[in-house]
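My structure is below; once you've seen it, I'll send some questions.
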Amino acid sequence: MAKYILNSVDETIKLGELLGKSLTESVIIRMDGEMGTGKTHFTKGLALGLGVREEITSPTFSILNIYEGRNMKLFHIDAYRLKNIEEAIDAGLAEVFNDDGVVVLEWGDLLSPFFENKVIDIKINDLGDNSREMIIEGWNDDSFRN
Amino acid sequence: MDSIILGIETSCDETSAAIVKNGKDVLSNVISSQIDIHKKYGGVVPEVASRKHLEMIIGVIDLAIKEAGITKEDLTAIGVTNQPGLIGALLVGITAAKGLSISLNIPLIPVHHLRGHIYANLVEHELNEFPILALIVSGGHTSLAIWHNHLSIEVIGQTLDDAAGEAFDKIARKLGLDYPGGPLIEKYATHGSKTELVFPVAKLGKDSYNFSFSGLKSNVINYINKMDQQSKNIIIEDVAFAVQDAIVSAVVEKVLLASENYGIKNVVLGGGVTSNKYLLKRLEEEGLKIGLKVYAPKGIYCTDNGVMIGSAAYYLNQFGIKGDLFLNAYSSGDIK
């Protein structure tokens, strides 16, 4: 387990980029954090690290956004609006977890039966103002300093 | 010969089909959420699901044809949204459109969802002096574009994170309001007033036409959390006013900037947030000062509907733009 204190949006993006650069195989990144704690910003960084050229925007309305990275696809999912597993299947989300690529999952506990690939768990705690504590299980980077 | 186009839209939550004659005459417009699904089809209908589209699509298309007082054989082309949206949802509309296109031997025209929102304006307004600015603000999109002509729409700015409507909805969620929260924030805001409470919106450089609302969202959340910690009550009407003012000001500022920089004197609106009266009022008032005229479709054509797809398809068809049976769905993509 690794714990990081992030004091700005830029630091959140930086850490995401380091994670993105380090990924070489399909993985599911499960993000747990309240609204406004930086889940989309972290994903922006991750996308940078994966070599995605498009702008990463919130998937809350669209539920699933798909991007092409340098070597791997990035699937960005916000399952907040899904009520049950049937809706997730209907929305085509089950297939994503069998696909080659990096899945970033927000509000997705109900989707865990689909998980086949390795999971990295990220918990974000709001420390007030713009500070966040990020606890990551399954990955760390000792070079990250702030 | 009259052009009679079936427009199909299934990119997000709505299943919609409409019949549009010659690009402007709306013969019918069927939107799934506007009809009593339970009465017509029975059972529980999930809110977000491709299966809902699948269950609805044939009935919605049949109803659109019936309400228009025509038969399938009267159709001259079919327009269908193929991007951006949820792939599974888009494919339902595309597959139905392909089937009809083959069986009736008429053109199949793919339409970008945002192009549809822009063309909803041509149903009511005579607009032929290009270029025209286009502002699309909804729960899923926030884009500013230059509508050069029927073949070219250039997006000059878009949101870098949350859409404007999404910012309204998420802040409403934090305030404990129901979904969708945008209209409720507007309602509370009309009873609120300007106080010292101001929520800044990110500045993205003076010549950028992009938008960013996630910082605003965080600021409001921080404010509410702080007030909670201090056991102070918030005045929801005043918070709603400040939130609406911040979002609307950011949007209006970019439209005016584009109008001045590009020398464009007309702007068309589209998307659900366009129904926000404060946005329309601010745009009209501030537009007037620089000679910018504002056009908006009437309410029902602001949100997702088949009419706008039928209208856009009419103009694309005139230029011979059409798809084939390999037509696919895309979750994202530039306006084509």
Side-chain angles (χ1 to χ4, degrees), chain A residues 8-10 12-13 33-44 47 52-68 73-96 99 106-107 124 126-132, chain B residues 11-13 44 46-55 84-92 113 138-142 158-163 165-167 169-171 173-174 179-180 202 210-222 224-226 229 272 329-334:
Chain A
S8 68
V9 166
D10 287 346
T12 301
I13 292 175
E34 290 298 309
M35 185 166 75
T37 50
K39 296 187 293 298
T40 296
H41 276 116
F42 186 81
T43 310
K44 274 180 185 285
V52 172
R53 290 183 173 188
E54 279 177 88
E55 192 69 54
I56 303 298
T57 57
S58 162
T60 301
F61 195 79
S62 54
I63 301 172
L64 165 66
N65 290 338
I66 306 169
Y67 306 95
E68 294 285 342
K73 278 187 180 171
L74 170 63
F75 302 94
H76 189 192
I77 300 172
D78 183 339
Y80 187 86
R81 298 201 304 139
L82 300 176
K83 290 193 188 66
N84 52 50
I85 204 149
E86 285 76 21
E87 286 197 6
I89 293 168
D90 288 346
L93 297 187
E95 290 88 342
V96 164
D99 212 326
E106 304 181 14
W107 306 103
I124 310 177
D126 187 349
L127 302 179
D129 291 325
N130 290 317
S131 291
R132 308 282 184 262
Chain B
S11 69
C12 197
D13 297 351
V44 179
E47 188 189 312
V48 189
S50 308
R51 188 185 297 165
K52 186 200 80 172
H53 288 295
L54 204 53
E55 284 168 359
L86 199 56
I87 303 264
L90 288 166
L91 281 173
V92 172
H113 182 74
S138 68
H141 305 280
T142 302
Q158 56 192 327
T159 183
L160 302 180
D161 37 59
D162 295 357
E166 182 182 348
D169 288 342
K170 284 187 170 172
I171 289 167
R173 195 199 295 171
K174 184 72 187 175
Y179 180 88
N210 287 332
F211 305 88
S212 169
F213 296 109
S214 73
L216 167 78
K217 179 182 69 184
S218 299
N219 287 335
V220 179
I221 290 169
N222 282 342
I224 295 170
N225 288 346
K226 266 186 194 152
Q229 282 159 11
Y330 301 95
S331 69
S332 62
D334 295 335

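Lettering follows sequence order; numbering is per chain, from 1. Here the structure is a predicted model, which is why all the values come from computation and not from measurement. Worth knowing before you read on, the calculation uses all heavy atoms, side chains too, and leaves out hydrogens, waters and symmetry mates.
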TODO: Would you check if B/N222 and A/D126 make a side-chain contact, meaning some heavy-atom pair closer than 4.5 Å?
DONE: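 Side chain of B/N222 against side chain of A/D126, heavy atoms only: contact under 4.5 Å found.
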Task: Nearest-0.5 Å distance, CG of residue B/D13 to CZ of residue A/R81 - done: 4.5 Å
Task: Closest contact, heavy atoms only, A/F61 versus B/C12 - done: CE2-SG, 3.5 Å
- [ ] Would you indicate whether A/N84, at its atom CG, is surrounded by more than 12 heavy atoms from other residues, nucleotides or ligands within a distance under 6.0 Å?
- [x]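 Above 12, so yes.
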Open item on the list: So which residue, A/S58, A/G128, A/S62, A/P59, ends up with the most heavy-atom pairs under 4.5 Å with chain B?
Closed with: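 Winner by heavy-atom pair count: A/S58.
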TODO: Would you mind checking which part of B/I221 comes under 4.5 Å of any heavy atom in chain A, side chain (CB onward), backbone (N, CA, C, O), both or neither?
DONE: side chain
Task: Closest non-hydrogen atom pair between B/D161 and A/T57, with its separation - done: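 Taking every non-hydrogen atom into account, O-CB, 3.4 Å.
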Task: Under 4.5 Å from a heavy atom of chain B, the part of A/E54 involved - done: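 Just its side chain gets close to chain B.
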Task: Region of B/K226 in contact with chain A, defined by heavy-atom distances below 4.5 Å - done: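 Interface part for B/K226: side chain.
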- [ ] Could you check which of A/E34, A/E55, A/H41 has the highest count of heavy-atom pairs closer than 4.5 Å to chain B?
- [x] A/E55
TODO: Check whether B/D162 gets within reach of chain A through its side chain, its backbone, both or neither, counting any heavy atom under 4.5 Å.
DONE: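 Both backbone and side chain of B/D162 come within 4.5 Å of chain A.
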Open item on the list: When you measure from the side chain of B/K170 to the backbone of A/G36, do you find a donor-acceptor pair of N or O atoms at a distance under 3.5 Å?
Closed with: no
TODO: Return the option, out of A/N130, A/I56, A/I89, A/T60, with the maximum number of heavy-atom pairs under 4.5 Å with chain B.
DONE: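 Heavy-atom pairs under 4.5 Å are most numerous for A/T60.
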TODO: Please report the shortest heavy-atom distance between B/S332 and A/I66, naming the atom on each side.
DONE: OG-O, 4.2 Å
Open item on the list: Is A/Y80 in contact with chain B via its backbone, its side chain, both, or neither, using a 4.5 Å heavy-atom distance?
Closed with: side chain
TODO: Could you have a look at B/Q229, B/Q158, B/R173 and say which one has the most heavy-atom pairs with chain A under 4.5 angstrom?
DONE: B/R173
